[in-house]
Amino acid sequence: MSGRVIAHLDLDAFYVSVELRRRPELRGRPVFVGGQHRGVVLSASYEARARGVRSAMPSVTARRLCPEAIVVQPDMEAYVEASRAVFAIMDTVTDVVEGASVDEAYLDLTATRSRLGRPEQVVADLRARILSEQGLPCSVGLAPNPFVAKMASVAAKPDGMLVVPQGRVTDFLWPLPVEQMWGVGESTAATLNWLGLRTIGDLARTAPATLQRALGPRQGEKLVDLANGRDPRRLTDRRPEEHERSIGAQETFPADVYDPEVVHRELLRLAERTSARLRRARLVGRTVTLSLRFANFSALTRSMTLTEPTDLTDEIHRRAVSLYDRLGLQRARVRQVGIRMEGLRDSATVSTQADLFTPDQGWREATAAIDRANLRFGPHAVQRASLTRTW
DNA sequence: TCTGGGGTCCTAGGACCC
DNA sequence: TCTGGGGTCCTAGGACCC
């Protein structure tokens with residue numbers, strides 16, 4: 001027996017809650033935060049949810065369902081700042097706070113009992129502090145492992161807390177439909193239903209080999225474990241941004257694009273964004289991946305691995321353009337393009353001796369100057385000439 | 001005016017090496 | 001001449017999460 005005590009804390013309708021904090025006149029009304037043209041709902045108030053508005057739903061659909069909803073444009077900087085403040089409060093409770101995203105975290109409370117007392121009380125105090133100091137409601141699940149804690153926090157929403165002790169884990173999980181299980185999306189749910197499995201309890205009683213045939217060795221084994229309330233994963237205190245495995249940028253055009261030159265230009269913008277973030281994190285990447293989505297929503301990726309990792313805008317742009325041109329698209333209607341860098345390494349571990357006398361060095365110096373200017377004067381203070389044109 | 005942008009992890013086949 | 005297996009890297013695609 002592990003005897004672990006894990007809390008999962010999830011801020012309720014986080015982006016909307018941050019907006020309500022500075023616009024209290026919107027309280028009690030249907031509100032959602034969403035993108036403009038081809039955007040989706042990022043966060044919806046519970047009043048909007050009552051009208052069928054869901055996150056990830058196209059904004060146009062949401063407006064149709066709820067025409068009187070107040071639509072707010074996202075302000076990521078405000079959300080990131082609010083997130084930092086909440087994490088600072090969580091950090092006072094335990095050293096082991098694993099950020100799962102901007103608005104949720106796992107806390108290991110196993111070792112805090114002797115210092116702070118009963119975990120239920122610790123969590124109740126934590127929720128009260130986040131509400132009083134930051135004006136943000138949250139929900140918490142308290143359980144023997146991260147998976148059950150996550151499932152409990154969802155069940156506790158909104159503005160609630162649910163404790164699931166070891167002895168009650170299967171009573172809690174097994175009646176729930178498989179669709180509600182973390183790790184089961186649309187595709188897996190369809191496969192499970194096809195097998196006649198409707199609840200997490202059904203899943204728990206299925207032979208692992210059956211699921212492994214249907215879902216693959218890893219996922220099959222994992223789902224049976226989770227369905228039985230077993231999740232031995234250890235938490236780490238790392239923030240997501242401290243162990244990134246890839247960095248990238250993508251953009252959906254306001255209208256589908258036919259002209260390859262327009263795509264090339266957008267790729268330069270994306271290469272710029274990606275490489276600036278690499279340099280800022282002092283990382284270099286070795287694999288460049290180009291991704292495309294077409295008007296019919298089909299998608300593809302093409303990648304190439306370089307002999308030496310890079311953080312240079314023009315190197316990344318050149319490779320992405322080459323991957324794109326190699327496709328030989330004719331009259332393709334491009335909806336979205338993206339660039340992602342993988343195989344990341346600390347740039348300090350990569351020898352810079354080798355390129356001291358190469359043509360890249362000039363670019364490296366120019367790039368560093370642009371980064372400095374953009375840090376001082378804002379992200380678009382200095383741009384390449386070809387980006388100042390509009391398409 | 002249907003369907004964002006940021007990610008992680010897994011699978012599978014082929015190349016290549018031992 | 002025939003017959004192996006394992007490990008790693010690269011590439012492409014797909015599922016999932018927030």
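Chain A is the first sequence line, chain B the second, and so forth, proteins listed ahead of strands; every chain is numbered from 1. Please read all numbers here as calculations on a predicted model, not as lab measurements.
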Problem - Short side-chain N/O contact from A:R335 to OP1 or OP2 of B:dT3, under 4.0 Å - result: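 Yes, such a contact exists.
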Practice task
Examine C:dA15: is either OP1 or OP2 under 4.0 Å from a nitrogen or oxygen in the side chain of A:K222? Give yes or no.
Solution key: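 Indeed not, no polar side-chain atom of A:K222 lies that close.
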Quick one: is the NZ or CZ of [X] closer than 6.0 Å to the six-membered ring centre of [Y], and within 45° of its axis?
X: A:R293; Y: A:F297; answer: yes
X: A:R233; Y: A:Y106; answer: yes
X: A:R49; Y: A:Y46; answer: yes

Handout entry: Base orientation of B:dT1, syn vs anti, 90° cut from 0
Key =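 Syn.
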Problem - Ionic contact status for A:E266 with A:R269, cut-off 4.0 Å - result: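 Yes, charged N to carboxylate O under 4.0 Å.
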Exercise for the section: Salt-bridge test for A:R218 and A:E221: reply yes if a basic N is under 4.0 Å from a carboxylate O, no otherwise. Expected result: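 No salt bridge links A:R218 with A:E221.
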Exercise for the section: Identify, with sequence neighbours excluded, every residue that meets side chain to side chain contact (heavy atoms under 4.5 Å, CB included) alongside A:R282. Expected result: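 Residues passing side chain to side chain contact (heavy atoms under 4.5 Å, CB included) with A:R282: A:S347.
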Exercise for the section: Determine the contact category for A:A299: base if any of its heavy atoms lies under 4.0 Å from a base atom, sugar-phosphate if only primed atoms, P, OP1 or OP2 are that close, otherwise nothing. Expected result: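 Result for A:A299 = nothing.
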Exercise for the section: Assign A:G35 to base, sugar-phosphate, or nothing according to its heavy-atom contacts below 4.0 angstrom with the strands shown. Expected result: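 Touches nothing.
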Practice task
Between A:R218 and A:R273, name the one whose nearest nucleotide on DNA chain B is closer to the 5' end.
Solution key: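 Result of the comparison: A:R273.
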Check nucleotides 7-10 of chain C for protein N or O atoms closer than 3.5 Å to its own N or O atoms and list the pairs.
{"from": "C:dC10", "atom 1": "OP1", "to": "A:R286", "atom 2": "NH2", "distance (Å)": "2.6"}

Handout entry: Secondary structure string for DNA chain C (Watson-Crick or G-U under 3.5 angstrom, | for other-strand pairs)
Key = ....||||||||||||||
Practice task
Identify which nucleotide among B:dT1, B:dG6, B:dG5 has an atom closest to any side-chain atom of A:Q336, counting heavy atoms from C-beta outward.
Solution key: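 It is B:dG5.
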Exercise for the section: Take atom C1' in C:dG4 and the same atom in B:dC17, then report the distance between them in whole Å. Expected result: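 Nearest-Å result for C:dG4 against B:dC17 at atom C1': 15 Å.
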Practice task
Group every Ile, Leu, Val, Met, Phe, Trp and Tyr by side-chain heavy-atom contacts under 4.5 Å, then state whether A:L329 and A:V262 land in the same group.
Solution key: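 The answer is yes; both residues are in one hydrophobic cluster.
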